[in-house]
2 protein chains.
Amino acid sequence: MGRGKVELKRIEDKCSRQVTFSKRHKGLMKKARELAVLCDVELSVFIFSGGGRFYEFSSGDSTSPISSIVACFHLYASAT
Amino acid sequence: MGRGKVELKRIEDKCSRQVTFSKRHKGLMKKARELAVLCDVELSVFIFSGGGRFYEFSSGDSTSPISSIVACFHLYASAT
DNA sequence: TCTCCTATTTATAACGG
DNA sequence: TCCGTTATAAATAGGAG
């Protein structure tokens, strides 16, 4: 998408990489949410960015099977 | 995308829901892979579909920080 | 359930602030 | 780093096999 084709390789320019991360990270989370709702499945997405930040999307509530994975992630993230 | 707009709600027809899951699940994994490569981040996507099946995408290797989460997921999945 | 097809919607690259 | 715009690449809905 966009004004040009993108090669599937690490973006070397740090600034561009950050900008692309910001956009695509949001896009991925949106897609994840759509998949969960449309298809009625449980899913989680975990992202560790280089700066030690992390992002997460999870469908379902605390009683869902996937919650144990989410809990595991939070435990890990808080200990890092 | 596609021939019509899609409402963000559960697809009631089971057959359509399966077909949409099949397509979007692949799309999400592809997006995840692209984000990981382009932006040099570690990430995992876990999906539990209704039929007790699960799908996963993880960047990074066994020495990456996220591997503990992945291991947790596999442990959970194999015990289910 | 998968593949092919293609009209259409959607995501996003590049740019300016 | 975030937001808005716009041209364009990509994802995908619906239908057929």
Side-chain angles (χ1 to χ4, degrees), chain A residues 1-60 64-66 70 73-74 76-78 80, chain B residues 1-60 64-66 70 73-74 76-78 80:
Chain A
M1 322 73 148
R3 298 298 178 85
K5 220 168 177 175
V6 175
E7 262 195 291
L8 194 54
K9 53 175 276 192
R10 182 176 188 274
I11 297 169
E12 292 306 327
D13 180 60
K14 186 177 179 178
C15 191
S16 302
R17 194 165 69 241
Q18 291 279 0
V19 170
T20 296
F21 175 76
S22 175
K23 289 181 177 179
R24 282 179 174 259
H25 143 251
K26 286 180 188 169
L28 186 69
M29 295 307 196
K30 186 180 178 189
K31 287 283 187 190
R33 183 163 35 248
E34 290 178 354
L35 180 62
V37 172
L38 291 172
C39 303
D40 199 22
V41 296
E42 307 230 7
L43 60 84
S44 289
V45 178
F46 303 112
I47 305 175
F48 284 90
S49 75
R53 298 172 196 233
F54 63 91
Y55 305 85
E56 177 219 329
F57 169 73
S58 292
S59 68
S64 70
I66 214 164
V70 178
F73 172 77
H74 284 300
Y76 179 86
S78 65
T80 308
Chain B
M1 323 72 150
R3 298 298 176 84
K5 218 168 180 177
V6 175
E7 262 194 291
L8 194 55
K9 52 174 277 193
R10 182 176 188 274
I11 296 169
E12 292 305 327
D13 179 61
K14 186 177 179 179
C15 192
S16 301
R17 194 165 67 241
Q18 291 279 0
V19 171
T20 296
F21 175 77
S22 175
K23 289 181 177 178
R24 282 179 173 258
H25 144 251
K26 286 180 189 168
L28 186 69
M29 295 308 196
K30 185 180 178 189
K31 287 283 186 190
R33 184 163 36 248
E34 291 177 354
L35 180 63
V37 172
L38 291 172
C39 302
D40 198 22
V41 296
E42 305 230 11
L43 61 85
S44 289
V45 178
F46 302 112
I47 305 176
F48 283 91
S49 75
R53 296 169 196 237
F54 63 92
Y55 305 85
E56 177 219 328
F57 169 73
S58 292
S59 68
S64 70
I66 214 165
V70 178
F73 173 78
H74 284 300
Y76 179 86
S78 64
T80 307

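In what follows, every heavy atom counts, from backbone to side chain, and hydrogens, waters and symmetry copies are set aside. Being a predicted model, the structure only gives us computed values, none of them experimental. Here is how names work: the chains are called A, B, and so on, in the same order as the sequence lines, proteins then strands, and each is numbered from 1.
Between the CD atom of Glu7(A) and the P atom of dA10(D) there is a distance of 12 Å, rounded to whole Å. Rounded to whole Å, atom C1' of dA11(D) lies 7 Å from atom NZ of Lys31(B).
Contact record, Arg10(A) with Asp40(B): NE-OD2, 2.9 Å, taken as the closest heavy-atom pair. Ser49(B) approaches Val41(A) most closely through the heavy-atom pair CA-CG1, 3.7 Å.
Residues from residues 9-25 of chain A with heavy atoms under 4.0 angstrom of DNA chain D, sorted by number: Gln18(A), Ser22(A).
Nearer the 5' end of DNA chain D, as judged by each residue's closest nucleotide, is the contact made by Lys26(A), out of Lys26(A) and Arg3(A).
One distance of note links CZ of Arg33(B) with CG of Leu28(A); it measures 11.5 Å at 0.5 Å rounding.
Here the range on DNA chain C touched by chain A, meaning any atom under 4.0 Å from one of its heavy atoms, is dA11(C) to dA14(C).
Counting heavy atoms from C-beta on, the side chains of Phe57(A) and Leu43(A) come closer than 4.5 Å. Between Lys26(A) and Met29(A), every side-chain heavy-atom pair lies at or beyond the 4.5 Å cut-off. Between Leu35(A) and Ile47(B) there is a side-chain heavy-atom pair separated by less than 4.5 Å.
With sequence neighbours left out, the salt bridge (Lys or Arg N to Asp or Glu O under 4.0 Å) criterion links Arg24(B) to Glu34(A).
In this structure, the side chain of Arg17(A) does not engage the main chain of Leu38(B) through any donor-acceptor pair within 3.5 Å.
In terms of phosphate contacts, Lys30(B) brings a side-chain nitrogen or oxygen within less than 4.0 Å of OP1 or OP2 of dA11(D).
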